[in-house]
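This report concerns only the one structure given below.
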Amino acid sequence: MSLFWKPGSERPCILDDEEGGILFFATASSSSSGYGYKSIEKQRQRLPVYKYRTAILYLVETHATTIIVGETGSGKTTQIPQFLKEAGWADGGRVIACTQPRRLAVQAVASRVAEEMGVKLGEEVGYTIRFEDVTNPDATRVKFLTDGVLLREMMDDPLLTKYSVIMVDEAHERSLSTDILLGLLKKIQRCRPELRLIISSATIEAKKISAFFGTRKRHQKKEIEEQRPKLDPAILSVEGRGYNVEIHYVREPVPDYLQASVSTVMLIHDQEPMGDILVFLTGQDDIDAAVQLLTEEAQSHRRNSSGLIVLPLYSGLPRSEQDLIFSPTPRNKRKVVISTNIAETSLTLEGIVYVVDSGFSKQRFYNPISDLENLIVAPISKASARQRAGRAGRVRPGKCYRLYTEDYFLNEMSNEGVPEMQRSNLVSSVIQLKALGIDNILGFDWLASPLPEAMIRALEVLYSLGVIDDDAKLTSPVGFQVAEIPLEPMISKMILSSNQLGCSEEIITISAILSVQSIWVSVRGSQKDLDEAKLRFAAAEGDHVTYLNVYKGFLQSGKSSQWCHRNFINYHAMKKVMETREQLRRISLRLGIVLKSCDRDMEVVRKAVTAGFFANACRLEPYSEGGMYKTVRSSQAVYIHPSSVLLVLRNLTSDCIQFINLESLREYLGIDRTS
DNA sequence: GAGCACTGC
């Protein structure tokens, strides 16, 4: 049985929303935006988590694993590492680690904690994310890092011996790397009883995580004799600092959530006091459509809606447009942000008082039979609905309008989402575990077991790449090398193959570009211009060679942002490409790859691409409608993705087949090669 | 004719 800690008369603030409409109770009613002087120590003491300082330290002392259930604003992330430091957990050269799923969060939390402790970031308090190691091995005692980086650290030090306490934050999000990390940490605990884990989670996942750490193979008696910490996890609940959020449901199911969101926003605008609105929809298409509908409504004369500022938000949006979200709302205006799930966890908007929740989000699903990943609009979970509602209560009491019925919420909505581990292609996860010496992947103690078919598929792909052998062990050197490159195994294999083919420079460039979301800018309504821009760089060989052309153009322009703008290239993405490229070159050199360019010989580039991606090979089906291909391996029907330059070319050439030569086609269309 | 959100020595 897990221990539930209830210190004093403090009651947990989270009520089950099954019982009423109210999600959070506020305990601290004062505003957190401290005007006037307040010492940092005073500010710290006002955080809800402060009251639990003694309880937390007691639990960490006596339990191998402590689970902290804390809502937003409890201060757990910034305070608990400091409590541990003050209590001596960093003495004797030991280090306290705190992991986050996202890089931005790591940086933000680390600098906040350094400021609170009055130390220079990178000394006593530091952080590590990809490309940035702001730590001093001799001085850093409190270290923030992404879970991905901690996993990488395990390759050098499998028992993570320098850490005394590891706090895994946001574990309820159940990302791929958090799940793997938790499984491995549980394993480490067996060898290192002195290691303490703190896992922070939202309510719903806490019980599952506790059960995971609570079940072990029979050594329970020994712990008492040896004065070991209790192996059963402790759970402590810390209230957040949100305000009440009143939940409204629709009486009848809505036929069209897009239309319903728009009319709900107008209703709020007409009837509710000032305060910004956040609407959760599923993707760019939905969002752009809603923005347009609302803008039209706002301009229609019958409403006094001139005060409405409607803004879209999704990760693919150019940075300049994303930044508009953070500009303060002018007086007598109301901001409406129409967003994807990015506003659910990754970005926090201040000033939101009303949330409109469509009840849907786009989710990735993996089909191991077809080996295809799909994005599907699917109903969200209760956990997600609760998180969305909480976004309305950050500055003052708010309201959340759910575009589904209460009955649906209570009786049909699932409690939590499917963990990413069960909806993903597993090649990367499997190779990571293999690299850490976990050979029996099927027998690994998973927090959520992946589908057996998915594991088999991953092992098949890795075997065919020559990364694992007949005994499913990493091959030497290829397997170990592929595991060392922080990319998907197929891309890593492509890099290794480029060595013999003499085109490592080109392949590394392509790999860096493949690791950013997209180098193209897509602005609403400018699809034709984007396609035209793509044609300036288009290569008949396909997207990979096209990317090389873009990269060359970018270098020739002197890495100019204006050049990017003219050519519909995402400047920030290109900067990331340059950074990734440098990192990949460093790693390649270490692996003994000779950095060499093949100049204009694209034949070898294509060979290298094929060496990594041969499993995706397919043939055009003769006489098929719409250009259907079938994969060589399993005759799975596939199509060229609409974003591919090949499709742009095909559509344009259907009218003018006589232009086999790309240069002539550009000439015909009046497109300059470089612009 | 379409891209939820993340991560990595």
Side-chain angles (χ1 to χ4, degrees), chain A residues 99-106 128-133 145-156 170 173-181 280-288 313-317 339-347 358 360-365 373-378 380 384 387 417 420 423-424 428-429 431-432 435 481-489 491-492 511-512 515-522 527-528 530-531 534 570 573 576 579-580 582-591 626-627 639-648 650-652:
Chain A
T99 74
Q100 297 288 321
R102 284 168 292 278
R103 292 192 286 198
L104 252 172
V106 169
T128 309
I129 57 178
R130 188 181 190 181
F131 305 130
E132 247 184 293
D133 184 6
L145 66 177
T146 50
D147 1 350
V149 169
L150 190 60
L151 278 175
R152 286 274 152 192
E153 285 191 2
M154 287 180 78
M155 290 193 185
D156 291 331
E170 316 285 5
E173 289 184 18
R174 303 294 306 275
S175 72
L176 271 181
S177 39
T178 309
D179 265 28
I180 294 181
L181 186 61
F280 284 103
L281 291 180
T282 60
Q284 183 173 350
D285 277 354
D286 273 6
I287 290 169
D288 288 344
L313 176 62
Y314 40 83
S315 78
L317 210 60
S339 173
T340 59
N341 257 1
I342 193 170
E344 196 181 296
T345 46
S346 310
L347 281 180
S358 66
F360 289 94
S361 70
K362 270 195 191 168
Q363 293 161 38
R364 188 180 56 199
F365 287 94
E373 285 185 329
N374 282 320
L375 273 181
I376 294 169
V377 174
I380 60 167
S384 203
Q387 177 74 19
E420 205 180 3
R423 324 181 256 116
S424 307
S428 294
S429 304
I431 198 170
Q432 252 175 338
Q481 289 175 327
V482 166
E484 195 154 336
I485 303 175
L487 296 170
E488 280 170 45
I491 302 182
S492 307
S511 303
S515 77
V516 301
Q517 295 208 352
S518 169
I519 56 164
W520 307 107
V521 174
S522 78
Q527 194 53 57
K528 223 176 143 279
L530 172 60
D531 282 353
K534 280 185 187 174
N570 184 333
K576 230 181 115 184
E579 221 174 11
T580 309
E582 280 315 306
Q583 186 191 30
L584 294 177
R585 291 181 85 216
R586 274 203 309 276
I587 298 170
S588 300
L589 280 175
R590 206 177 55 216
L591 295 178
Y639 297 86
I640 295 179
H641 195 275
S643 66
S644 170
V645 71
L646 289 177
L647 209 63
V648 182
R650 196 185 70 189
N651 290 340
L652 279 163

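Here is how names work: the chains are called A, B, and so on, in the same order as the sequence lines, proteins then strands, and each is numbered from 1. All heavy atoms count here, side chains included; hydrogens, waters and symmetry mates do not. The model shown is predicted, which means the values in this text are computed figures rather than measured ones.
A:F131 comes within 4.0 angstrom of no nucleic acid atom, judged by non-hydrogen atoms across all strands. Using a 4.0 Å heavy-atom distance criterion, A:R364 is classed as a base contact. A:S315 comes within contact range of the sugar-phosphate backbone alone, with a heavy-atom separation under 4.0 Å but no base atom that close. Looking at heavy-atom distances under 4.0 Å, A:R103 makes contact with sugar-phosphate atoms alone, never a base. Across all strands, A:S175 comes closer than 4.0 Å to no nucleic acid atom at all (heavy-atom distances). If you check every strand for non-hydrogen atoms under 4.0 Å, A:S177 touches nothing.
Heavy-atom nearest nucleotides on DNA chain B were determined for A:H641 and for A:E484, and the one closer to the 5' end corresponds to A:H641. Between A:D285 and A:V149, it is A:D285 whose nearest contact on DNA chain B lies nearer the 5' terminus.
Mapping heavy-atom proximity under 4.0 Å, the span of DNA chain B touched by chain A runs 5' to 3' from B:dG1 to B:dC9.
Residues A:S515 and A:I491 form no side-chain contact, since every pair of their non-hydrogen atoms from C-beta on lies 4.5 Å or further apart. Using a 4.5 Å heavy-atom cutoff, the side chains of A:Q517 and A:N570 are not in contact.
In the model, A:D288 has a side-chain atom that pairs as donor or acceptor with a side-chain atom of A:Y314 under 3.5 Å. Using a 3.5 Å distance cut-off with no hydrogens or angles, the side chains of A:T178 and A:E170 do not pair a donor with an acceptor.
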